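To start, the structure itself, in structure tokens.
Just so it is clear, the model here is predicted, and its values are computed rather than measured.
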2 protein chains.
Amino acid sequence: MVTIKNIAELANVSIGTVDRVIHNRGEFSLKTEEKVRKVIKELNYKPNVIARSLVSKKEVKFGVFLPKSKQDENYWKLPAAGIKNAEKELEIYKIKIIYFYYDKYSKTSFKKCFNKMLEKKDVLDGILIAPVISELASEMINKIPENIPFVFIDSCIQNSNFLSYIGQNTQKSGALSAKLMNLSVKVPGSIVIIKIISNDYHINNRIKGFLSYFKKLKDNKIIIYEPEKGKDLNNIIKTALKENKNLRGIFVPSVYAGRIAECTKKKSLCVIGYDLTTKNESLVKTGAIDFLINQRPELQGYLGIMTLFKKVVLKETVKKEIRIPIDILTKENIEEYKDQI
Amino acid sequence: MVTIKNIAELANVSIGTVDRVIHNRGEFSLKTEEKVRKVIKELNYKPNVIARSLVSKKEVKFGVFLPKSKQDENYWKLPAAGIKNAEKELEIYKIKIIYFYYDKYSKTSFKKCFNKMLEKKDVLDGILIAPVISELASEMINKIPENIPFVFIDSCIQNSNFLSYIGQNTQKSGALSAKLMNLSVKVPGSIVIIKIISNDYHINNRIKGFLSYFKKLKDNKIIIYEPEKGKDLNNIIKTALKENKNLRGIFVPSVYAGRIAECTKKKSLCVIGYDLTTKNESLVKTGAIDFLINQRPELQGYLGIMTLFKKVVLKETVKKEIRIPIDILTKENIEEYKDQI
DNA sequence: CGTCTGTTCGTTATCGTACACGGAAATAAT
DNA sequence: ATTATTTCCGTGTACGATAACGAACAGACG
């Protein structure tokens, strides 16, 4: 193992000088800088993180910008759980996390919360963002100072200077749902898509992927229902059943499959939805939901913090994109997906 | 953060004494021991792993007992990859891994390799084992000294004193395969199980799970083919097709689905197999294999080492069992499962 | 030539833990 | 009582990196 002492000896300077060069703290001549840098390169010196974090008294602080935990049927407590997991694991490295929870159904809350985070910009060494309201996010993102790296989870603002994006290929997940739907629907008929949350990046792409899969086939008729906000789901289902005498399946490209499935007690319907919330889980177990797509939210949160840690503390290069697998959950395997990382 | 210095002060002794008590190195009186232990408990002292691993010059060595990487269509290089991942991540903690690769089709090799590992028992601080030949493993396991913790991946020898088991519920995965088969077979007919490797824990349990699912239904006829070792698979398939005029699906409860699918170019057959090897991957993409079950072999290896690390270095308590989710892979999502941890 | 300022660098204490060394007290042996 | 032997405990150094402190030396200026 190469230490700064080795470097100091070979470069004929003291460890203090080596340290100054490494951290660009000035107070050295060009000549010694070159000498030191040359030796560092030759020996392929990598600083010892352990020694570094032992001596350094300064805490590393990461900001986390997430929807409130209870929103979307408690979905958002899952990424938060993964983040807390990472926080605990990194406690020893003096990593602290400051949480900023916003209301994902309120632009005002989003803005206010983001600004509150920006007030702390002088103490933050990195930021994790779930940019659920994408139009707003792409504005606000620009206000983050250049020197603070930020990662996205869940969704991504492509034309921004993000460090890394951790999330699922949403369109593919839609196509996968379509495959499963097609497999489950043995007799041709109508398939209904219930679009509860509109104007959402994920929802729209899932539908896009779903439709693209069915475009090639032509056996089934696909209808999209887009109920107004806050309207009774029972009525939607009733309407759907009335308007489609041969309804075969329901695709719910959001976390609300459980709510829908509670209304359709008819077992002959194939219901496909997203995310392992407690409600969804129990309805998969009863058979009311046939398939759930899982996006490993805990892992997304965990990896988000780990990516920041690798970049900021370990100074490693990180992947620009981490693809989250598209898990298929059914009655038979759902139990095995619980309590993962 | 509580340090031994704090404890020393409160207990009115020196840090040297505290250290001796903590490590039970003797040379202290009963009275001081009690004082020190009391303070440790009161302050809930947790040693600083960072400082500890910085000062300690001793390497921690883990033994890894795995089938040769190239066996089972290169399947076994996947857990090894996960292990190497963990090794790299833990390099800084002076963790070293010694690999012992055996031929999983030779009892002699298994024994010899295990004994070779046991020769190193004085330097090993933990062992990771894939006990593929279970009868032999359950004998050999007893020779591991009491003080060396060992974890299982892939499969488990239940009546042994293992620290942790990381693996999949094999029977459930069989039932899941059956569900998928049942879903894919739209017209009743025969379903063939091809049991290439016999006398294997996984294979038998997968078949058990598969059969149990179909027992309730009665639409399809299930036949098990058990070709002799080294026999041409093409012939097996030919025979199966000849003997079952209405063959609908093939279940391959091993890694060899790809080999089988190469022989059956008929698209009307549903083929379900196991594991994301390169061969299997390409055949899923062509559509020759309909479903693959993934058991996250890289993750198993990674978690195996991490579990040993947590126990031996961090002295944390670890889970006795880590369930690996049963991933369903299809043409639509297989790409997203590649290059995972 | 003396004083001053600024640049450049070496020395040293520190983080929390481990462990060797040696000293003081207490007990045993003579 | 004196010496020898335990028992018990404090001190010091090391691990590798950081950063404060101050020394050495140069050139500038009167």
Whole angstrom is fine here: how far is it from [atom1] in [X] over to [atom2] in [N]?
{"X": "B:E27", "N": "C:dG22", "atom1": "CD", "atom2": "P", "value": "14 Å"}
{"X": "A:N12", "N": "C:dG10", "atom1": "CG", "atom2": "C1'", "value": "13 Å"}
{"X": "A:E9", "N": "C:dG10", "atom1": "CD", "atom2": "C1'", "value": "14 Å"}
{"X": "A:L30", "N": "C:dC9", "atom1": "CG", "atom2": "P", "value": "10 Å"}
{"X": "B:I50", "N": "D:dT18", "atom1": "CD1", "atom2": "C1'", "value": "15 Å"}
{"X": "B:N24", "N": "D:dC8", "atom1": "CG", "atom2": "P", "value": "14 Å"}
{"X": "A:K58", "N": "D:dA20", "atom1": "NZ", "atom2": "P", "value": "14 Å"}

Contact class for A:T32 vs. all strands (heavy atom < 4.0 Å): base, sugar-phosphate, or nothing? sugar-phosphate

Would you say the side-chain atoms of B:S53 and B:S56 include a donor-acceptor pair closer than 3.5 Å?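 No pair is found: no donor N or O on one side chain lies under 3.5 Å from an acceptor on the other.
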
Pairing donors with acceptors under 3.5 angstrom, does anything connect the side chains of B:Y302 and B:E89? yes

In terms of ring plane angle, is the pair A:Y99 and A:Y101 parallel, tilted or perpendicular, where the classes change at 30° and 60°? parallel

Would you call the rings of A:F110 and A:F114 parallel, tilted or perpendicular if under 30° counts as parallel and over 60° as perpendicular?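 If you compare the ring of A:F110 with that of A:F114, the planes turn out parallel.
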
Looking at A:S29, I'd like to know whether one of its side-chain N or O atoms comes within less than 4.0 Å of OP1 or OP2 on C:dT7.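 A:S29 to C:dT7 OP1/OP2: no side-chain N or O under 4.0 Å.
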
Provide the full list of salt bridge (Lys or Arg N to Asp or Glu O under 4.0 Å) pairs with a residue in residues 149-162 of chain A, sequence neighbours left out, each pair given once. none

Once base and sugar-phosphate atoms are separated, protein heavy atoms under 4.0 Å mark nucleotides 11-18 of chain C, 5' to 3', with B, S and - as BB-BBBBS

Charged tip of A:K320 within 45° of A:F162 ring normal and under 6.0 Å: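 The answer is yes; both the distance and angle limits are met.
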
